[in-house]
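Quick notes on the structure that follows.
Quick note: residue numbers are just sequence positions, from 1.
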Amino acid sequence: VAVKVTRLRLALVRVPFVRPYVTAAGTATARETVIVRLETDAGVTGIGESSLLPHEGGAEAIFDELARDTGRLVGLEIRRVLDQAPATPV
C-alpha cells in the first residue's frame, strides 16, 4: 500500500543564546532552524529539522525553499518525496 503525504507544516524557529557564542568565524547570538512536520494518510506523523550548519541565506532561505515545494509534495507517495530530496553533503 502506497503511503501518501496529506499535510506538510513548516515553522521557522529562532532560539536566542543566553550569552553570545564567539568563535574565530564570528559571534552568534541565536540559532535558527526550520522544523518540518509531515503527516500521511496512514496516520503516521514525522517531525524533523534542518541542519544547524550555516547555509547561504540562513534558515529563512531553507524555509522559503521548503514552502515553495510544500504544495507539490502534498499528495505524493512518501517514496517519491524521498526520491526527490536533495542529497546533503557530509
Self-check item: Closest non-hydrogen atom pair, Lys4 against Gly75
Solution: CD-O, 3.5 Å
Practice problem: Quick one: name the residues clustered hydrophobically with Val15, using the 4.5 Å side-chain heavy-atom rule over I, L, V, M, F, W, Y, and just say none if it's on its own. | Solution: Val13, Ile35, Ile47
Practice problem: Could you list the residues that satisfy salt bridge (Lys or Arg N to Asp or Glu O under 4.0 Å) with Arg14, not counting sequence neighbours? | Solution: Glu32
Practice problem: Among residues two or more places apart or on two chains, list those pairs meeting side chain to side chain donor-acceptor pair (under 3.5 Å) that have a residue in residues 38-48. | Solution: Arg37-Glu39
Practice problem: Determine the minimum heavy-atom distance between Pro16 and Ala30, stating which atoms define it. | Solution: CA-CB, 3.7 Å
Quiz item: Is there a donor-acceptor pair closer than 3.5 Å between any side-chain N or O of Thr29 and the backbone N or O of Pro20?
Solution: no
Quiz prompt | Heavy-atom pair with the smallest gap, counting every atom of Val3 and Ala42 | solution = CG1-CB, 4.1 Å
Quiz item: Does the pair Thr70 and Leu10 meet the rule for a side-chain contact (heavy atoms from CB on, under 4.5 Å), with working shown?
Solution: CA-CA 9 Å; Thr70 297; Leu10 307 171; 3.8 Å; yes
Quiz item: Is it the case that more than 12 heavy atoms not belonging to Phe17 sit under 6.0 Å from its CZ atom?
Solution: yes
Exercise. Indicate yes or no: at least one non-hydrogen side-chain atom of Leu66 is less than 4.5 angstrom from one of Val36.
Key: yes
Self-check item: Residues in side-chain contact (heavy atoms from CB on, under 4.5 Å) contact with Arg19, at least two apart in sequence or another chain
Solution: none
Quiz item: If you measure from CZ on Arg7 to CG on Leu73, what distance do you get to the nearest 0.5 Å?
Solution: 15.0 Å
Quiz item: Between Ile78 and Leu38, is any pair of side-chain heavy atoms under 4.5 Å apart?
Solution: yes
Practice problem: Output all residues satisfying salt bridge (Lys or Arg N to Asp or Glu O under 4.0 Å) with Asp69, sequence neighbours left out; order by chain, then residue number. | Solution: Arg72
Quiz item: Is there a donor-acceptor pair closer than 3.5 Å between any side-chain N or O of Ser50 and the backbone N or O of Val34?
Solution: yes
